[in-house]
Amino acid sequence: MKTPMQALITGAAGFVGQWLASYLRTQGWRVLCADRGPVAAGDDWFSCDVSDRAQVSGLMRWAAGSTHVFHLAAVSFVPHASRNPVGCFEINLLGTIHAATCMKECLPGARLIFISSSEVYGPPQFLPVTEEHPLNPMNPYAIAKAAADQFCAYYHATESLDVVRMRPANHSGPGQADSFVLSNFARQIALIEREKQEPVLQVGNLDAARDFLHVQDVVRGYELAALHGRSGEAYNLCSGKAVSIREALDRLLGHSTRPIQIEQDPSRVRKSEVSEIYGSHEKFTRDTGWRPELDIDTLLDGLLSYWRVNIP
Ligand code: A2R
């Protein structure tokens, strides 16, 4: 009988980590989970702060037999990273260096799937953004991800670490924190429908256009990267289309059961906002066959349904 793949997921208690663990299990993987802080009961969970090398080494030993490490643990929200750049670098950069170097020692031969970010490209010099686009990260989150991404490439070249670097575009879906824009809008609509918020929706910059993916397409992509990605390569994971925040909001409002006004909140407008960005997933599609399957309406419907049942 074929030995099942064994995945170790760091950041497994987070938004994408939970989706990834469930998806991999449905695909027949054995899944081991790690996150910081107290862990869920069960022998498949391990508590580990990735900024502490001794803890990461302990994690890799605990996860003996893993064929793949999906490294998701990170400060994932850009404004939090900007408020605490030291913490961001300790987790997003050092945490990745610890994962890569400890894997070489404790899980030789295993593949690292490092979750980088499309933020590493910065303001686009051309569209769609391909993997050849220069890295020009513009905030501490993106700078730390870019450095970690480059460290993985270096460690592949010098130490033959089997690593695939994923650069996902914005992604969302049920369960995402409401600090992220689409989840935030959907939650506000659900609150308004329950009359727990005045019928006024607070927004930031609506003119920005972004490349959005459904989290289910993302985790399917991560599995394909694990199985078919070429070692050492970086891959964009994106829809290939830009949707303006205004359009996404209009579509969400179209599903609302109440009339809602829009109000701009200056504190929600991000500085040096890139007006439009979208990527090319051609390289990843060529190497793995992945294509996005869930459109923006499916994503928005899922968010609204989620918040309608998950606000207290
Ligand atoms: O911040 P917490 O306590 O919610 O925990 C987060 C965890 N994490 C850590 N785990 C181990 N050691 C650390 N020092 C550490 N710092 C944070 O990583 C959380 O449970 C997880 C990240 O999940 P989310 O914040 O929900 O992010 P999401 O959207 O699942 O993104 C996954 C990956 C990240 O690398 C993003 O930068 C990338 O996809 O877009």
Side-chain angles (χ1 to χ4, degrees), residues 8-23 32-40 45-60 62-63 69-84 86-100 102 112-121 137 139-149 152 164-184 210-219 221-222 225 234-238 279 299 303:
L8 168 63
I9 304 174
T10 70
F15 164 56
V16 181
Q18 294 182 54
W19 278 99
L20 180 62
S22 311
Y23 178 73
L32 300 177
C33 296
D35 210 294
R36 65 176 167 186
V39 293
W45 274 90
F46 193 95
S47 177
C48 171
D49 180 340
V50 296
S51 63
D52 180 327
R53 191 169 196 282
Q55 290 190 33
V56 178
S57 179
L59 171 67
M60 298 297 172
W62 170 78
V69 176
F70 294 84
H71 181 52
L72 276 63
V75 176
S76 63
F77 188 50
V78 172
H80 287 171
S82 302
R83 278 201 288 278
N84 181 7
V86 173
C88 165
F89 271 71
E90 285 173 346
I91 297 169
N92 293 13
L93 174 55
L94 272 185
T96 305
I97 295 175
H98 292 153
C102 290
L112 173 63
I113 298 90
F114 167 60
I115 311 307
S116 177
S117 170
S118 61
E119 287 261 346
V120 298
Y121 297 118
N139 57 60
Y141 171 81
I143 296 166
K145 284 283 183 182
D149 182 311
C152 287
V164 177
R165 295 167 285 149
M166 299 305 291
R167 296 177 181 162
N170 297 65
H171 42 286
S172 184
Q176 188 180 41
D178 73 332
S179 37
F180 293 86
V181 62
L182 301 183
S183 192
N184 183 281
R210 294 285 177 270
D211 187 324
F212 288 108
L213 276 180
H214 195 294
V215 66
Q216 288 178 260
D217 278 334
V218 171
V219 298
Y222 291 170
Y235 292 106
N236 289 344
L237 192 65
C238 55
L299 169 57
L303 281 169

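First listed ligand is number 1; within each ligand, the first listed atom is number 1. Residue numbers count from 1 along this sequence. Side chains included, hydrogens not; waters and symmetry mates left out as well; all remaining heavy atoms used.
- Every protein residue with a heavy atom nearer than 4.0 Å to ligand 1 is included here: G11, A13, G14, F15, V16, D35, R36, C48, D49, V50, L72, A73, A74, S76, I91, I115, Y141, K145, H171.
- Looking at heavy atoms from C-beta onward, Q216 lies out of side-chain contact with Y23 at the 4.5 angstrom threshold.
- In this structure, CD1 in I113 is found 10.0 Å from CG in L8, a value given to the nearest 0.5 Å.
- For W45, the ring pair (Phe, Tyr, Trp, His ring centres under 6.0 Å) test picks out no residue, with sequence neighbours left out.
- The aromatic rings of F15 and H171 lie parallel to each other, their planes meeting at an angle below 30°, with 60° marking the opposite boundary.
- Looking only at distances, a side-chain donor or acceptor of S183 sits under 3.5 Å from a matching main-chain atom of Q176.
- S57 places no side-chain N or O within donor-acceptor distance of the main-chain N or O of R53, the cut-off being under 3.5 Å.
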